[in-house]
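Report on the following structure.
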Amino acid sequence: MLRNIGAVILGIVVGMIVNIVIVQINLIFFPLPEGVDPADYEALKAAMPSQPATAWIGVIAAHLGQAFVGGWVAARVGASRPVLLAMIVGVFTLAGGIANAVMLSPPAWTLIELPLYLVVAWLAGKQVEKSRAGAAG
């Protein structure tokens with residue numbers, strides 16, 4: 001049980017790192033307006049409408065990457081129930097995504113990504129489960 005708890009925590013942390021890295025890469029191609037501090041949610045919220053729609057593709061990729069990679073890490077490191085561990089990471093990612101959506105008010109079309117967090121986390125867990133079954137068989 002402790003190993004599974006640690007696996008989920010590790011998955012969340014690794015997923016967050018993946019998210020941050022992809023967002024930072026995205027900011028190279030789609031920088032924020034001059035003077036906007038990404039740590040200032042009000043300034044960030046005000047800058048959102050100035051970002052082109054294509055900038056949101058990288059943001060969505062970062063969030064889905066967080067759910068998938070974090071879920072995969074939790075599933076791979078955990079002692080048992082890889083799909084459940086991945087889904088727990090997916091739920092935490094979804095909670096963070098909802099919180100960000102409430103605080104930042106991104107374009108409405110980007111909210112399609114929210115349920116996909118659970119889908120990609122589930123896929124990550126199933127991939128690990130399948131690989132374990134193949135190794136055992």
Side-chain angles (χ1 to χ4, degrees):
M1 180 180 221
L2 287 177
R3 181 172 169 180
N4 286 346
I5 292 169
V8 168
I9 292 169
L10 181 62
I12 290 168
V13 169
V14 170
M16 288 170 59
I17 292 168
V18 167
N19 184 346
I20 290 167
V21 167
I22 295 172
V23 166
Q24 292 303 311
I25 291 169
N26 195 51
L27 286 171
I28 293 168
F29 298 103
F30 302 100
L32 292 172
E34 188 71 33
V36 174
D37 178 6
D40 179 355
Y41 271 93
E42 288 304 314
L44 199 53
K45 183 177 182 177
M48 293 288 168
S50 70
Q51 292 298 97
T54 50
W56 292 97
I57 305 232
V59 173
I60 291 170
H63 297 164
L64 294 176
Q66 175 177 350
F68 183 84
V69 174
W72 187 88
V73 166
R76 184 74 180 94
V77 172
S80 62
R81 304 183 72 176
V83 175
L84 175 64
L85 299 178
M87 290 300 292
I88 291 169
V89 172
V91 167
F92 275 100
T93 305
L94 177 59
I98 291 169
N100 262 340
V102 168
M103 289 188 287
L104 295 176
S105 302
W109 68 268
T110 65
L111 300 179
I112 189 69
E113 75 172 332
L114 293 174
L116 296 178
Y117 298 165
L118 300 178
V119 173
V120 298
W122 180 82
L123 288 170
K126 289 303 276 185
Q127 192 276 328
V128 170
E129 184 178 71
K130 184 177 177 181
S131 71
R132 285 187 182 171

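Hydrogens, waters and symmetry mates are skipped; everything else that's a heavy atom, side chains included, is used.
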If you look only at distance, which donor and acceptor atoms sit under 3.5 Å apart when one is on a side chain in residues 113-125 and the other is two or more places apart or in another chain?
from, atom 1, to, atom 2, distance (Å)
E113, OE1, H63, ND1, 3.1
E113, OE1, Y117, OH, 3.4
E113, OE2, H63, ND1, 3.0
E113, OE2, Y117, OH, 3.2
Y117, OH, H63, ND1, 3.2

Residues 15-38, side-chain donor-acceptor partners within the protein, below 3.5 Å, at least two apart:
from, atom 1, to, atom 2, distance (Å)
N19, ND2, Q66, OE1, 2.5
N26, ND2, A55, O, 2.9
D37, OD1, A39, N, 3.0

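Residue-environment remark: NZ (K130) stays at or below the threshold of 12 foreign heavy atoms within 6.0 Å.
Side-chain heavy atoms closer than 4.5 Å link hydrophobic residues (I, L, V, M, F, W, Y) into clusters, and following such links, possibly through other members, connects L94 to L104. Using a 4.5 Å cut-off between side-chain heavy atoms of Ile, Leu, Val, Met, Phe, Trp and Tyr, with links allowed through other members, V14 and V77 fall into the same hydrophobic cluster. A continuous path of ILVMFWY side-chain contacts below 4.5 Å connects V91 to V128, so both sit in one hydrophobic cluster. I5 and V73 fall into different hydrophobic clusters, where Ile, Leu, Val, Met, Phe, Trp and Tyr residues are linked whenever their side-chain heavy atoms come under 4.5 Å apart, directly or through other members. V59 and I98 fall within a single hydrophobic cluster, where Ile, Leu, Val, Met, Phe, Trp and Tyr side chains are chained together by heavy-atom contacts under 4.5 Å.
Distance check: F68 CZ to T93 OG1 gives 12.5 Å after rounding to the nearest 0.5 Å. In this structure, the separation between CG on N4 and CD1 on I9 is 11.0 Å, given to the nearest 0.5 Å. Note that CG of L10 and CZ of R3 are 11.0 Å apart. Values are rounded to the nearest 0.5 Å.
Shortest non-hydrogen contact noted between L85 and A74 is CD1-O, 3.6 Å. The two residues P49 and A46 come nearest to each other via the heavy atoms CD-O, 3.3 Å. Taking all atoms of both residues into account, the shortest heavy-atom contact from P106 to A101 is CD-O, 3.5 Å.
The side chain to side chain contact (heavy atoms under 4.5 Å, CB included) test with P82 singles out one residue from Q127, R132, K126, and that residue is R132.
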